[in-house]
Amino acid sequence: MLRKILTTAAMASALMAGAAQAEPMRIALVAKALGIGFFEAANKGAEEAAAELGDVEIIYTGPTDTTAEGQIEVLNSLIAQRVDAIAVSANDTDALVPTLKRAMERGITVISWDSGVAPEGREMHLNPSSAPLIGNTIIKLAADHLPDGGQVAVLSATSTSTNQNVWIEEMQKVMGDYPNIEVVATVYGDDLADKSYREAQGLMQSHPDLDAIIAPTSVGIVAAAQAVTDAGKVGEVNVTGLGLPSEMAGHVKSGASQSFAIWNPIDLGYSATMIAYHLAKDEATAEPGATISIGRMGEVTLDENGEAAMADPFTYDASNIDEFSSIF
């Protein structure tokens with residue numbers, strides 16, 4: 001009887017151990033808001049990474065609007081669920097820090113990607129590209145179609161959006177290279193299609209000689225292109241910035257946008273997931289100079305601020321838009 005009891009206990013322990021080993025790592029990919037094509041494409045990349053790694057479950061989530069308060073509510077829920085890792089694109093660089101610090105104190109790996117969190121609120125940050133390169137790209141895209149110079153305006157996401165603010169700052173640093181280009185206004189559409197549309201309308205009304213709208217946000221660029229089309233100003237006001245080929249193809253073909261740029265958001269979600277996985281598994285460290293594998297994308301090296309850049313942005317125009325618009 002004793003032998004039976006011991007045998008049964010051993011088998012139960014083995015089964016429990018096997019179940020524990022089979023438990024997948026849960027990585028939460030937190031978007032700025034749900035319903036945005038850029039982040040939905042990033043989720044496809046995260047799922048690709050999960051399939052490749054084999055023992056990962058992706059929890060794709062985010063608030064219904066682009067607010068820090070909404071993200072904090074989502075993050076508190078994830079902490080309560082005891083997820084293994086959180087990869088967040090932040091709506092506010094500082095406001096999320098206390099919540100994310102609590103997550104790390106409870107053993108949850110925390111990284112930011114796309115739009116960063118202040119260093120004390122994460123282990124590392126993955127930039128889609130280098131901020132100086134993006135800043136130069138968005139103004140160059142406008143200037144390339146204004147050989148004699150002209151007026152441009154910026155339609156950004158939120159006033160607290162980490163990545164857009166940094167890119168605009170970097171753009172301002174290189175304005176000396178474009179002496180005939182004048183930035184007449186910067187407005188914010190909060191990554192809401194209707195508000196971005198109204199802000200674009202307001203720019204054209206307030207600045208009748210406006211030549212270009214630069215929108216470093218995938219929501220804003222589509223809304224601005226539609227506003228230009230509806231205002232009958234195709235050919236007069238060029239819309240450029242950062243957008244998705246699938247969402248911008250029609251506007252490129254109509255002439256509302258001569259060109260725009262973006263990195264592949266599928267690659268970005270894939271890379272963020274790979275980084276979160278390797279950190280959570282203690283297979284990599286988030287310290288200056290460290291290199292972390294990002295699977296098919298190669299590897300990234302962290303700088304002194306705990307940040308890394310994935311890839312250069314790529315320019316899309318009439319010559320290549322059909323090739324990519326069916327992909328993302």
Side-chain angles (χ1 to χ4, degrees), residues 31-33 35-39 62-63 65-68 70-71 89-96 112-117 127-143 151-175 178 181-207 210-228 237-244 247-248 251 256-257 259-263 265 268 313:
K32 286 185 176 181
I36 296 177
F38 178 89
F39 294 107
D65 55 12
T66 52
T67 63
Q71 282 192 317
S89 177
N91 284 324
D92 189 301
T93 186
D94 297 313
L96 306 187
S112 55
W113 59 284
D114 177 51
S115 185
V117 174
N127 288 303
S129 183
S130 72
L133 185 56
I134 296 169
N136 183 67
T137 295
I138 58 178
I139 186 61
K140 185 177 184 298
L141 287 169
Q151 295 184 356
V152 304
V154 177
L155 169 60
S156 191
T158 66
S159 60
T160 59
S161 211
T162 314
N163 50 351
Q164 274 89 7
N165 286 342
V166 171
W167 300 335
I168 294 168
E169 287 173 9
E170 293 294 339
M171 183 190 82
Q172 295 288 356
K173 290 178 184 178
V174 298
M175 288 307 298
Y178 307 97
I181 302 294
E182 179 188 5
V183 180
V184 295
T186 299
V187 297
Y188 303 94
D190 293 344
D191 261 352
L192 299 172
D194 55 349
K195 184 176 181 184
S196 298
Y197 180 88
R198 292 194 301 272
E199 292 290 349
Q201 286 180 315
L203 287 172
M204 290 184 285
Q205 292 165 2
S206 301
H207 305 279
L210 189 66
D211 296 292
I213 296 174
I214 300 170
T217 154
S218 62
V219 175
I221 192 172
V222 174
Q226 190 61 54
V228 166
V237 180
N238 176 40
V239 177
T240 189
L242 304 176
L244 299 179
E247 297 178 346
M248 287 298 293
H251 295 300
S257 176
S259 61
F260 65 97
I262 198 68
W263 39 89
L268 189 56

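As the structure is a prediction and not an experimental result, all values here were calculated from the model.
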Exercise. In this structure, are over 12 heavy atoms from other groups packed under 6.0 Å from K195 atom NZ?
Worked result: yes

Looking at [atom1] of [X] and [atom2] of [Y], how far apart are the two atoms once the value is rounded to the nearest 0.5 Å?
X    : Y    : atom1 : atom2 : result
I168 : S156 : CD1   : OG    : 4.0 Å
Q164 : D191 : CD    : CG    : 6.0 Å
I214 : L155 : CD1   : CG    : 10.5 Å
W167 : I138 : CH2   : CD1   : 8.0 Å
T137 : F260 : OG1   : CZ    : 13.5 Å
W263 : I134 : CH2   : CD1   : 3.5 Å

Problem set entry | Worked verdict on L242 versus T217 for side-chain contact (heavy atoms from CB on, under 4.5 Å) | CA-CA 5 Å; L242 304 176; T217 154; over 6 Å; no

Check: [Y] main-chain N/O paired with [X] side-chain donor or acceptor under 3.5 Å:
X    : Y    : result
N136 : M171 : no
Q205 : A200 : no
Q71  : A31  : yes
D92  : D94  : yes
S112 : V117 : yes
S257 : V239 : yes
D211 : Q151 : yes

Taking side chain as C-beta onward, heavy atoms only, is [X] less than 4.5 Å from [Y]?
X    : Y    : result
F39  : S89  : yes
T93  : T160 : no
D114 : F38  : yes
I36  : S218 : yes

Exercise. How about K32 and S161: does a side-chain donor come under 3.5 Å of a side-chain acceptor?
Worked result: yes

Exercise. Side chains of T67 and N91: donor-acceptor distance under 3.5 Å anywhere?
Worked result: no

For this session: Apply side-chain contact (heavy atoms from CB on, under 4.5 Å) to the pair V184 and V152, showing each step before the final yes or no.
Result: CA-CA 6 Å; V184 295; V152 304; over 6 Å; no

